[in-house]
Amino acid sequence: MDTTKLKTRLEDKVIEIKKPDTSLSPTNSNYLALTSNALEIIRSNLKNQPLSFDLFDIVKSPSGGATVFSVPGLAGDEAEKELTGIILDYTTPRAYWDTPDPVEGTPPICMSENSIISHDGKACAHCQYNDFGSKNGDSNAKACKESVLLFLLRPDSIIPILVRIPVTSKSRFLKYATRLLSSLTPISSVVTKITLEKATSKGGKPYAMFNFEAVRELSEEEAEQAKSYARQFMDIVNAAAVTSEIAVAS
């Protein structure tokens with residue numbers, strides 16, 4: 001990797017963070033991030049340091065076909081039947097481990113932030129581990145694990161939670177995003193509700209499928225604020241190292 005170019009990119013991002021967008025002002029909304037000087041507080045507390053992925057609370061897909069989310073809270077994990085909020089942004093990472101059962105938290109051998117180009121510049125589409133059936137001889141799964149990572153802003157917080165959508169529900173999310181696109185609706189201009197339903201694989205193994213529903217369209221003022229907040233917030237996130245911890249074994 002060209003470290004000179006990487007250093008220049010990170011320096012440019014830090015400069016952007018230090019120049020707040022004064023066009024973003026509080027508005028009438030039940031979302032705390034849109035009714036306060038949230039970005040100013042974030043910049044002040046972080047001392048203009050990037051907000052890396054490992055600082056976020058992450059909600060993962062429950063195991064065994066459970067239909068309840070386990071959401072990190074101040075008093076420990078809390079069970080919630082649904083997640084509701086504004087999707088500020090999302091990524092489509094993928095990762096490959098050279099063992100079928102990696103220890104939780106183990107970094108992958110290879111990864112991509114967008115499922116298109118790997119961290120070392122190779123095309124994911126041409127990789128042998130992107131082939132169906134490459135995981136093992138008993139399934140049609142790919143050895144390279146795909147997912148979607150949502151930045152979900154909830155009403156009572158100025159920091160979004162990360163919601164990891166497994167590959168089994170990736171197409172459902174992309175269809176939801178496409179439906180919004182078909183009506184020229186930015187994904188950050190609606191309140192999205194995420195729920196789970198129990199499903200069973202061809203091999204008889206239960207798992208959870210994700211459902212996505214737009215339950216409210218933001219007002220014009222809220223939508224503009226959300227768009228600006230999302231852009232500036234993601235600038236802070238993207239100033240972190242290019243190969244952030246978006247993919248670890250779980």
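Note that CZ of Phe69 and CD of Glu78 are 14.5 Å apart. Values are rounded to the nearest 0.5 Å. Atom CG of Leu162 and atom NZ of Lys60 lie 11.0 Å apart (nearest 0.5 Å). The distance from the CD1 atom of Ile187 to the CG atom of Leu180 is 6.0 Å, given to the nearest 0.5 Å. Expressed to the nearest 0.5 Å, how far CG of Asp57 lies from CD1 of Ile159 amounts to 10.0 Å. Ile158 contributes atom CD1, which lies 6.5 Å from atom CG of Leu32 (distance to the nearest 0.5 angstrom).
Ser219 places a side-chain N or O within donor-acceptor distance of the main-chain N or O of Glu222, the cut-off being under 3.5 Å. Proximity of a side-chain donor or acceptor of Ser157 to a complementary backbone N or O of Arg154 within less than 3.5 Å is not detected. Between the Arg216 side chain and the Val191 main chain, no donor and acceptor come within less than 3.5 Å of each other. At distances below 3.5 Å, not a single donor-acceptor pair connects side-chain atoms of Ser228 with backbone N or O atoms of Glu224. Of the possible polar contacts, none joining the Thr92 side chain to the Val148 backbone as a donor-acceptor pair under 3.5 Å is found. Looking only at distances, no side-chain donor or acceptor of Ser44 sits under 3.5 Å from a matching main-chain atom of Ile41. For the pair Ser112 (side chain) and Ile117 (backbone), a donor-acceptor distance under 3.5 Å is present.
Using bins of under 30°, 30° to 60° and over 60° for the plane-to-plane angle, the ring pair Phe151/Phe56 lands in the perpendicular bin.
Note: Tyr90 and Phe173 meet the aromatic proximity criterion, with ring centroids under 6.0 Å apart.
Between Thr200 and Tyr207, the shortest heavy-atom contact is C-CE2, 3.6 Å. Across every non-hydrogen atom of Asn130 and Glu146, the tightest pair is OD1-OE2, 4.3 Å.
In terms of hydrophobic clustering, with Ile, Leu, Val, Met, Phe, Trp and Tyr side chains grouped at heavy-atom distances under 4.5 Å, Leu153 and Phe233 are assigned to a common cluster.
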Check against side chain to side chain contact (heavy atoms under 4.5 Å, CB included), Lys81 and Thr195
CA-CA 7 Å; Lys81 292 287 292 182; Thr195 56; over 6 Å; no
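Side chains of Thr192 and Tyr176: a donor-acceptor N/O pair is present below 3.5 angstrom, by distance only.
Listed by chain and residue number, Lys193 satisfy the salt bridge (charged side-chain N to carboxylate O under 4.0 Å, His left out) test with Glu213 (two or more places apart in sequence, or in another chain).
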